[in-house]
Amino acid sequence: MIDIKILRRSPEAIVEMLRKRNMDFPVQDVIELDKKMRNIKTELDRLRGELNTASKRIGIKKAKGENVDEELKILKELSDRVSVLEDEFRAVEGELNCLLLKIPNIPHESVPAGKSSEDNVEVKRWGSPPEFDFDPLPHWEIGKKIGILDFERGAKISGSGFTLYTGLGARLEFALISFMLDLHTKEHGYKEVLTPFMVNEKSMITTGQLPKFKEDMYKIEGEDMYLIPTAEVPVTNIHRDEILPEESLPIKYVAYSPCFRLEAGSYGQDVRGIIRQHQFNKVELVKFSHPETSYDELESLLEDAEYVLKKLGLHYRVVVLCTGDLGFSSAKTYDIEVWLPSQKTYKEISSVSNFEDFQARRGNIRFRDSTGRVRYLHTLNGSGLAVGRTVAAILENYQQKDGSVRIPDVLVPYMHGIKEIKG
RNA sequence: GGAAGGGUGGCCGAGUGGUUUAAGGCGGCGGUCUUGAAAACCGCUUCUCCCGCAAGGGAGACGGGGGUUCGAAUCCCUCCCCUUCCGCCA
């Protein structure tokens with residue numbers, strides 16, 4: 001949620017921001033509703049004050065045994081007026097809140113302007129693409145060939161967008177999860193958490209999935225319960241409605257979770273293989289940061305995620321998302337894109353964002369600063385990494401001429417000593 | 001899922017319609033006293049919103065929401081959560 005004071009002070013800034021994001025929004029409606037709400041509130045508070053004093057007076061008179069019938073009649077009228085205003089206030093406030101929850105975050109000044117992903121700006125590159133003296137296969141063919149990915153049975157069990165991992169494929173997935181968790185806890189100082197994978201509506205509102213992106217979420221029928229699209233949701237909500245001590249910041253969590261995404265529609269090449277699935281695994285990094293240092297935390301979070309790819313020896317690049325491609329809740333996002341030899345492209349494997357106080361405001365997540373003031377903190381998160389896509393990248397980048405796949409050295413201990421997967 | 005009992009400030013806990021401005025205690029902070037500390041004593045100890053340049057004034061919050069009433073922590077409805085027991089279950 002944006003700070004409504006910004007909207008009051010300089011609505012043109014919000015209009016400009018929405019234009020940069022290619023978004024249409026009835027800003028004027030919000031401003032008028034807000035004005036209306038404050039007018040009602042002012043009048044309501046005045047009347048309630050009057051009612052309070054008068055009611056107290058009646059209590060005293062009654063205790064003395066005086067007659068209060070006349071006064072009661074007058075107060076009944078006052079009380080009725082308060083009731084009417086209260087209903088009005090509730091309605092306007094609800095309407096205003098509905099709109100406010102659908103306004104996206106304001107991009108940070110360092111975010112490049114642009115319309116689509118094509119305007120994202122590459123900021124760094126690490127390593128170089130592997131060279132093959134043969135035609136590299138796409139990961140789904142490799143996976144089938146060496147018998148670790150079963151797409152047909154995945155579809156039989158659940159439908160398209162679900163894959164069955166078998167044997168060393170399943171092992172590889174868990175090896176990566178363990179490896180990533182170890183790396184972030186032992187080397188980067190994150191605290192490991194294991195969260196619920198279903199959450200209520202309030203949690204989804206905090207992080208920004210609801211109310212706007214309802215159609216992308218799996219919901220449990222007849223219950224206030226959603227399957228998480230990312231561990232970001234439960235982890236960020238750990239401190240919802242809390243006031244944290246300043247000394248505790250930054251708080252850094254790492255969480256493994258499966259992620260469930262409905263996301264209707266297919267996306268070109270990604271319909272094949274495990275790049276785009278309705279269910280996938282991810283190791284997620286979440287930070288609760290002091291507002292003054294959140295952009296430093298963003299850089300170090302990016303480095304923490306990059307480090308996984310470096311250890312795995314996978315070539316990647318980092319782009320900063322332009323205003324048109326930036327996510328709803330985010331003020332600034334870096335995407336890490338891993339090299340996929342079969343497509344000769346870079347594919348998103350991690351998304352690292354600073355939400356500033358946008359989620360904190362929605363979830364009422366605050367801290368008390370050294371002067372005793374209560375302030376919203378900043379939340380950040382990043383994939384560290386998407387596990388399914390990491391498997392795809394390993395299969396493609398570590399494939400060998402004979403069809404086998406070498407296991408990156410750092411993973412061998414997690415694979416119980418297995419150094420390659422053969423058909 | 002069923003039954004019973006609960007949910008009050010950072011924590012414990014009193015409060016069953018009206019000077020409650022939520023008692024009392026613990027913890028915490030500040031002060032007095034002291035060479036220093038402890039003890040004792042005194043004071044302070046939530047958050048949100050509205051009006052106002054400010055000083056200041058007002059409103060709301062006792063699990064959430066709604067209702068009754070001039071007036072609700074207190075009565076009614078509803079939902080959520082916790083505890084215990086039963087059922088089911090890994």
Side-chain angles (χ1 to χ4, degrees), chain A residues 1-9 30-101 194-206 210-211 219-226 234 237-249 251 258 357 359-377:
Chain A
M1 190 139 58
I2 60 160
D3 185 352
I4 186 129
K5 285 184 196 120
I6 295 173
L7 198 63
R8 284 174 194 164
R9 223 182 307 118
V30 179
I31 292 167
E32 269 156 37
L33 266 178
D34 175 54
K35 242 178 226 156
K36 194 171 167 192
M37 186 198 71
R38 281 146 76 204
N39 286 340
I40 296 172
K41 166 86 169 141
T42 305
E43 175 69 359
L44 183 60
D45 283 358
R46 194 182 62 78
L47 289 181
R48 274 207 278 229
E50 224 176 277
L51 188 61
N52 283 348
T53 7
S55 293
K56 213 162 276 176
R57 202 166 52 228
I58 286 194
I60 294 166
K61 280 193 176 178
K62 261 194 156 175
K64 287 185 192 158
E66 292 175 31
N67 186 290
V68 291
D69 292 355
E70 207 43 46
E71 217 162 338
L72 277 188
K73 263 185 215 159
I74 301 166
L75 278 197
K76 172 69 180 156
E77 265 172 57
L78 182 58
S79 171
D80 287 346
R81 272 167 71 204
V82 168
S83 272
V84 169
L85 267 188
E86 272 172 346
D87 288 348
E88 224 173 299
F89 181 76
R90 259 198 293 269
V92 173
E93 194 192 31
E95 209 180 322
L96 178 65
N97 209 255
C98 245
L99 283 172
L100 284 177
L101 287 174
L194 182 60
T195 70
F197 300 147
M198 292 193 271
V199 300
N200 56 31
E201 185 187 31
K202 225 170 181 177
S203 294
M204 293 287 261
I205 286 174
T206 297
L210 293 179
K219 186 176 191 305
I220 306 300
E221 201 179 330
E223 287 188 54
D224 178 19
M225 205 59 89
Y226 295 81
N237 277 280
I238 289 175
H239 296 298
R240 165 148 57 84
D241 291 320
E242 289 183 18
I243 299 172
L244 302 164
E246 188 174 36
E247 319 80 77
S248 68
L249 304 179
I251 299 173
D357 63 6
Q359 296 179 327
R361 208 175 280 283
R362 294 165 83 101
N364 205 25
I365 313 169
R366 297 170 296 174
F367 74 103
R368 195 182 300 277
D369 74 12
S370 47
T371 68
R373 200 155 69 92
V374 175
R375 299 164 62 189
Y376 291 112
L377 47 71

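Reminder, nothing fancy here: chain letters follow the sequence lines and each chain counts from 1. For the numbers below, each heavy atom of this structure counts, side chains included, while hydrogens, waters and symmetry mates do not.
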### Summary
A:Leu100 atom CG is separated from B:C49 atom P, nearest whole Å, by 13 Å

### Any A:Arg57 side-chain N or O less than 4.0 Å from OP1/OP2 of B:G18
no

### Side chain A:Asp224, main chain A:Asn200, donor-acceptor under 3.5 Å
no

### Query
Once you round it to whole Å, what is the distance between C1' of B:G28 and CD of A:Glu247?
13 Å

### Query
For B:A22, which nucleotide in any strand shown is its Watson-Crick or wobble partner with both distances under 3.5 Å?
none

### Whole-angstrom distance between B:G15 and B:G24, as gauged at atom P
15 Å

#### Entry: Pairwise P distance, B:U16 and B:A23 [rounded to whole Å]
15 Å

#### Entry: Other residues, nucleotides, ligands: >12 heavy atoms within 6.0 Å of A:Glu66 CD
yes

#### Entry: Whole-angstrom distance between B:C12 and B:G2, as gauged at atom P
29 Å

### Message
Would you measure the distance from the C1' atom in B:C53 across to the matching atom in B:G43 and give it in whole Å?
### Response
33 Å

### Query
Under the criterion side-chain hydrogen bond (donor to acceptor under 3.5 Å, both in side chains), which of A:Asp241, A:Asn364, A:Asn237 is the partner of A:Thr206?
A:Asn237

### Message
Which residue in the set A:Lys41, A:Arg48, A:Arg81 passes salt bridge (charged side-chain N to carboxylate O under 4.0 Å, His left out) when paired with A:Glu86?
### Response
A:Arg48

### Message
Between B:G87 and B:G17, how many Å separate the two C1' atoms, rounded to a whole number?
### Response
41 Å

### Message
Output the rounded distance in Å from NZ (A:Lys35) to C1' (B:C50).
### Response
16 Å

#### Entry: pair A:Leu85-A:Glu88: side-chain heavy atoms closer than 4.5 Å
yes

### Query
What interatomic distance, in whole Å, is found between P of B:U20 and the corresponding atom of B:A73?
14 Å

### Summary
For B:A55, the nucleotide meeting Watson-Crick or G-U wobble distances (both under 3.5 Å) is none

### Query
Roughly how far, to the nearest 0.5 Å, is CZ of A:Arg38 from NZ of A:Lys36?
14.5 Å

### Task
Could you pick out which residue, A:Val374 or A:Arg38, lies toward the 5' side of RNA chain B when each is mapped onto its nearest nucleotide?
A:Val374

#### Entry: Complementary nucleotide for B:G87 - Watson-Crick or wobble, under 3.5 Å
none

### Query
For the pair made of CD in A:Glu242 and P in B:G10, what is the distance, rounded to whole Å?
12 Å

### Query
How far does the C1' atom of B:U46 sit from the matching atom of B:C82, given to the nearest Å?
23 Å

### Query
Tell me, for nucleotides 59-76 of chain B in 5' to 3' order, what letter each nucleotide earns: B for a base near a protein heavy atom under 4.0 Å, S for only sugar-phosphate near one, - for neither?
SS-----SS--BS-----

### From A:Leu210 atom CG to A:Tyr226 atom OH, the distance as rounded to the nearest 0.5 Å
5.0 Å

### Query
On a whole-Å scale, what distance lies between the C1' atoms belonging to B:G25 and B:U83?
24 Å

## Note on the structure
From CE of A:Met37 across to C1' of B:C49 the rounded distance in Å is 8 Å

### For atom CD of A:Glu43 and atom C1' of B:C49, their distance in whole Å
16 Å

### Task
Indicate, with a heavy-atom threshold strictly under 4.0 Å, whether A:Val68 touches base, sugar-phosphate, or nothing.
nothing

### Query
Which atom names give the shortest non-hydrogen contact between A:Phe367 and A:Tyr376, and what distance separates them?
CE2-O, 3.6 Å

### Query
With a 4.0 Å cut-off on heavy atoms, is A:Arg8 in touch with a base, just the backbone sugar-phosphate, or nothing at all?
sugar-phosphate

## Note on the structure
As its Watson-Crick or G-U partner within any shown strand, both distances under 3.5 Å, B:A40 has B:U32

### Message
Does B:U48 have OP1 or OP2 under 4.0 Å away from a side-chain N or O of A:Arg366?
### Response
yes

### Query
Is it true that A:Glu93 and A:Arg90 have a side-chain N and a carboxylate O under 4.0 angstrom from each other?
no

### Query
How many Å lie between CG on A:Asp224 and C1' on B:C81, as a whole number?
13 Å

### Query
For A:Asp3 and B:U48, what is the distance between atoms CG and C1' respectively, to the nearest whole Å?
14 Å

